[in-house]
Amino acid sequence: MALARQVLCVSAFLWLPLARAEPIRYSVAEEAESGSVVGELAEDAGLTPAQLSARRARLVSEDGRQHFRLERASGRLVVAGRLDREELCAQSATCMLPFELLLSNPLQFFRVEVNLEDKNDNSPVFTEEQVTFKIVEKSEPGSRFPLEVAHDLDIGNNTVQEYNISPENEYFSVSYGARSTGDKYLELVLEKPLDREQEAEMGFHVIAVDGGSPPRSGAIEISIIILDVNDNAPVFMQERYVMKVLENLPEGSVVLTVQATDQDEGVNGDISYQLSQVVGQSDSAFVIDPRTGEIKLTKPLDYEAAQMHEFSVRATDGGGLSAICKVLVEVVDVNDNAPELVVSSFSSPLPENTVPSTVVALRITGKKYLELVLEKPMDREEQAEMSFSLIAVDGGSPPRRGTTEVKIVILDVNDNAPIFTQDEYIGQVSENMPEGSVVLTVQATDPDAGINGDISYQLSQAVGKSDSAFVIDNKTGEIKITKPLDYEAAHMHDVRATDGGGLSAICKVLVEVVDVNDNAPELVVSSFSSPLPENTVPGTVVALFTVRDRDSGANGKITCALEDQLFFSLRPAYKNYYELVTVSALDREETPQYVLRVTAADAGSPPLTSTHTFTVDISDVNDNAPVFNQTSYTMYVRENNVGTVFVGAVSAADADVGLNAKVSYSLAPEQGPERARCSCISVNSENGHVFVLRPLDYEHLRQSEVTVSASDAGSPPLRANVTVRLVVLDENDNAPLVLYPAQESSPASSELVPVSAEAGYLISKVVAVDADSGQNAWLSYHLLRATDPGLFSVGLQSGEVRLRRPVTERDSVKQKLLVLVRDNGQPPLSATAALSALLLKDFSDVRLPHASPPTEDQDASLTTYLILALVFVSLLFLISTAVLLARKVCRRKELKAGHVLYAADTLQSGLADAAAAGTLPAPTCYEISLTTGSGNSEFRFLKPILPSLPPQHCTIHLILTKKPAGRSPFPLARKLPANKKSACKLLLLEL
């Protein structure tokens, strides 16, 4: 109705010669004070203030509201009252207040438009004060939780520009922007996984800030409840629902139904709907069923009050997750307002076609009468009124007279038919002219007055055309378009003008439609194949489509182009058909999806284009074998482990997908009998976890290698192998074993020490070994107990027993010592060695510490001690010589660390025999484990044998044999063959 009034108003002024073509435009800020000057309207209209008063200037608006007033004295346009841009124009990008400056004598009008500029007088407002989200604790980072955007009634920079969280936290951030449809969105983004066990609830505020100066803000309280489950939010079938409804739709009618789905079950899948009102609209005409999503009317709609209703619907599941969609309801106008006819005035004078001799009688009382007789026909179009005097004369003398004034008003009769200003009207229009556009205006005149001069126009249909593309305004004669026109076609119509008395006239109207390039090319897909196997051969047709353009000539000529022609190309098929084909090999692992854009362009000026997108998915074939993430694996397990212990995992990835990428693991059979697979290792076929099935002994098995095979589930399956090396780590499960002095049940032999010996004199050396390795075999020596502790010292690493100070006369001749040998394991293990020493002035006195004369038995005992001392000294000399020779040999060969140099199966049995018998078996094998620097620490008497080694473990065999009878009393050193995998030597000592 408002649009109809606007069209009628504009049409009424089209004929005025003094109407201004371009409107007079001003700008004023909203909330300007009443009386604020908008502009010099009189000056801009080319008028003077005197003319405004003389011509009764006034302002007329289409809606009847007067936002401005005209000061006639000054010619200024001023603000009449409060101007609230948000109330007048809501959130329109521009707020134009149009009106007319209307003048009389002659009638003239000026179109005036005042742009109401926005002021930052509104803060952002959320439709809800608090929103609660229930989020599962296992939600992936990047999960989004929609919020309804804040509404700011201002526009431009004065509207919402940014959102932030207060107080900031490490779990959430905000994301906001606009979608492709133009709808704004606001989402909470999960930055870090939530842990309900640590924090079950949290709360913060999301603050919306506009861009005004100073900025304004609004906040919404966010409450987060963390759940253990429910990981799917509702999803609307559409992000935006658009519905048209008639304004006379009865209350309670269903407008539309929104639908959201939730993949969860039970209460987490139950969805309820909520309707959010738009800011500024407190009383909604709609209500939503929280269970079904049906949106119904709560009160009648009025097209004239609001042509469009926009609001949001939030779908919330039982777990608290939600989604928001936009609902746009367009109100369709119905003819529910009757026309209004306002009668200003009505006159009924004498008809102009009164026939001659018609009597106009002025009767006098009595028998006398007076008649006014028409002598000639009258024509109202020539003279609408006439006046004369009627004089009455009596017969007296002198006669007297009387006069009366007679006024004749000639009434109109319909004696003139309408006349068109042209017999034929010709107009040209572009085919893209929008519906409702005025093509041309026909005009007829009728000199009659009143209803006889009121002309109405009717459009006659052309022969053979029942559905015209034109309509004529029966009052103004404006011919408008009712539907799109067809190019290069002429439309011929007759227009009849009929006055109120029934007289009419006819004119011809010819409308020529000129083609314009208003149709973009259309691409119609006939067939399309997706997905494509990645082994598709080049030249395979992916899609077949046709292009067309409804324009003609150059506007209808189409060319097609493909943006990316590396893997695909376009090939003309037949006429306007094209094929989309592959031109090179495809690889799903490199590019799983191709987005191809085909652009069709016509040859118009300017050219129009349209783009169609083909999304080609590439399906997988089993062309990739599994690949381990390491070339080899080394895993460690401590000895004495429990059965079925996890030691590590192998992992292989397959670039394929689906079954082709499902990897299973197994132990591959070893090639050759020398590489039999270790039965103590097992691998899980599903996840590649490697287990040791039984306890291991480092002293028997130090490492083992197996081959693990990874196979996919493709057809045929592809596989890959990797070597897994299992290294057994040593535990401190062996105590040190003392080799010298021999710890047997008989009393220990005594070391001879001259009383003249100085401090540092070497008395003896404790030799011990440990079957463990590494730090567990690092031995240290400590003096645990002694007859005179201050007299002796024991080398911490060498085990050498030396004099701490010179011998004095007060010292006891026979000294007993107990040396503690301890390894470096956790916890440490230890052993003890018992020593005895005789302090002698000379070696002739071996047995007695006093000055009594020796007996023959004593002489024999002293001789024995002297022999033993000589043997011991000779043995030390021989060992030193052998060590020097061995060192020279070792320097010629490359040392290889970490290898086993002894017979592990004989070590424990030999040690057991030694412990039981109390003497060394012949031969007896001992293991000595050394590390870097041990040449000057744990085993100093073997120092000449050992060069500086790298930081690796090395095992040396010391084999002691009893000297057969008749052999030399000196030790014999023999070099045994070196193990082919060892960088160390075996030393055989004969005693």
Side-chain angles (χ1 to χ4, degrees), residues 738-768 781-821 832-881 918-920 940-941 943 960 962-963 967-972 989-991:
V738 178
L739 301 180
Y740 184 84
Q743 304 299 304
E744 46 196 60
S745 58
S746 61
S749 60
S750 300
E751 304 291 341
L752 303 180
V753 180
V755 295
S756 61
E758 298 295 331
Y761 176 83
L762 178 63
I763 300 174
S764 181
K765 182 180 179 70
V766 178
V767 179
Y781 302 84
H782 309 272
L783 182 61
L784 185 62
R785 190 168 60 247
T787 303
D788 189 353
L791 183 60
F792 304 95
S793 66
V794 177
L796 179 65
Q797 296 178 341
S798 64
E800 294 177 345
V801 180
R802 297 178 181 270
L803 286 177
R804 176 176 293 181
R805 59 177 174 78
V807 179
T808 63
E809 293 180 356
R810 291 177 299 177
D811 294 329
S812 175
V813 173
K814 188 172 184 179
Q815 298 283 336
K816 293 184 178 181
L817 297 87
L818 185 62
V819 177
L820 175 68
V821 183
T832 58
L835 295 174
S836 63
L838 295 177
L839 305 180
L840 303 177
K841 293 182 180 179
D842 53 62
F843 287 161
S844 61
D845 187 10
V846 179
R847 299 284 297 181
L848 298 175
H850 50 80
S852 60
T855 62
E856 294 182 358
D857 294 335
Q858 291 176 340
D859 293 336
S861 176
L862 180 59
T863 302
T864 302
Y865 283 118
L866 291 174
I867 294 173
L868 291 175
L870 291 174
V871 169
F872 183 77
V873 171
S874 300
L875 179 62
L876 290 177
F877 174 78
L878 185 59
I879 290 174
S880 300
T881 304
T919 59
L920 295 176
R940 297 201 174 191
F941 77 98
K943 179 178 180 181
L960 305 180
K962 292 183 179 179
K963 182 179 73 65
R967 297 288 297 274
S968 170
F970 296 96
L972 177 62
L989 301 180
E990 275 188 342
L991 299 178

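What's counted below: heavy atoms across the whole structure, side chains too, no hydrogens, waters or symmetry copies. One is the number of the first residue; the rest follow in order along the sequence.
- From Ile763, atom CD1 reaches atom CG of Leu838 across 11.0 Å, with rounding to the nearest 0.5 Å.
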**Trace of the side chain to side chain contact (heavy atoms under 4.5 Å, CB included) decision for Phe877 with Val873** = CA-CA 6 Å; Phe877 174 78; Val873 171; 5.7 Å; no

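- Separation of atoms OG (Ser836) and CD (Gln815) is listed at 10.0 Å; rounding is to 0.5 Å.
- Shortest non-hydrogen contact noted between Leu839 and Ser812 is CD1-O, 3.1 Å.
- Ionic pairing of Arg805 and Asp788 is present here: one or more N-O contacts between side-chain nitrogen and carboxylate oxygen are shorter than 4.0 angstrom.
- The two residues Ala757 and Leu803 have their closest heavy-atom pair at CB-CD1, 3.6 Å.
- Taken to the nearest 0.5 Å, the CG atom of Leu835 stands 12.0 Å off from the NZ atom of Lys816.
- You'll find the side chain of His782 reaches within 4.5 Å of the side chain of Leu796, heavy atoms only.
- Here the options are Leu739, Val794, Val821, the test is side chain to side chain contact (heavy atoms under 4.5 Å, CB included), and the partner is Val766; only Val821 passes.
- How far OG of Ser880 is from CG of Leu875: 9.0 Å, rounded to the nearest 0.5 Å.
- Here Tyr781 contributes atom OH and Lys765 contributes atom NZ; the two are 6.5 Å apart, rounded to the nearest 0.5 Å.
- Annotation for Ala837 and Val753: closest pair CB-CG2, 4.2 Å, computed over non-hydrogen atoms.
- When all heavy atoms are compared, the tightest approach of Pro806 to Leu791 is O-CD1, 4.2 Å.
- With rounding to the nearest 0.5 angstrom, the CG atom of Leu783 is 8.5 Å from the CZ atom of Phe792.
- In terms of heavy-atom proximity, Pro741 sits nearest to Ala834 at CG-O, 3.5 Å.
- When all heavy atoms are compared, the tightest approach of Leu752 to Ala869 is CD1-CB, 4.1 Å.
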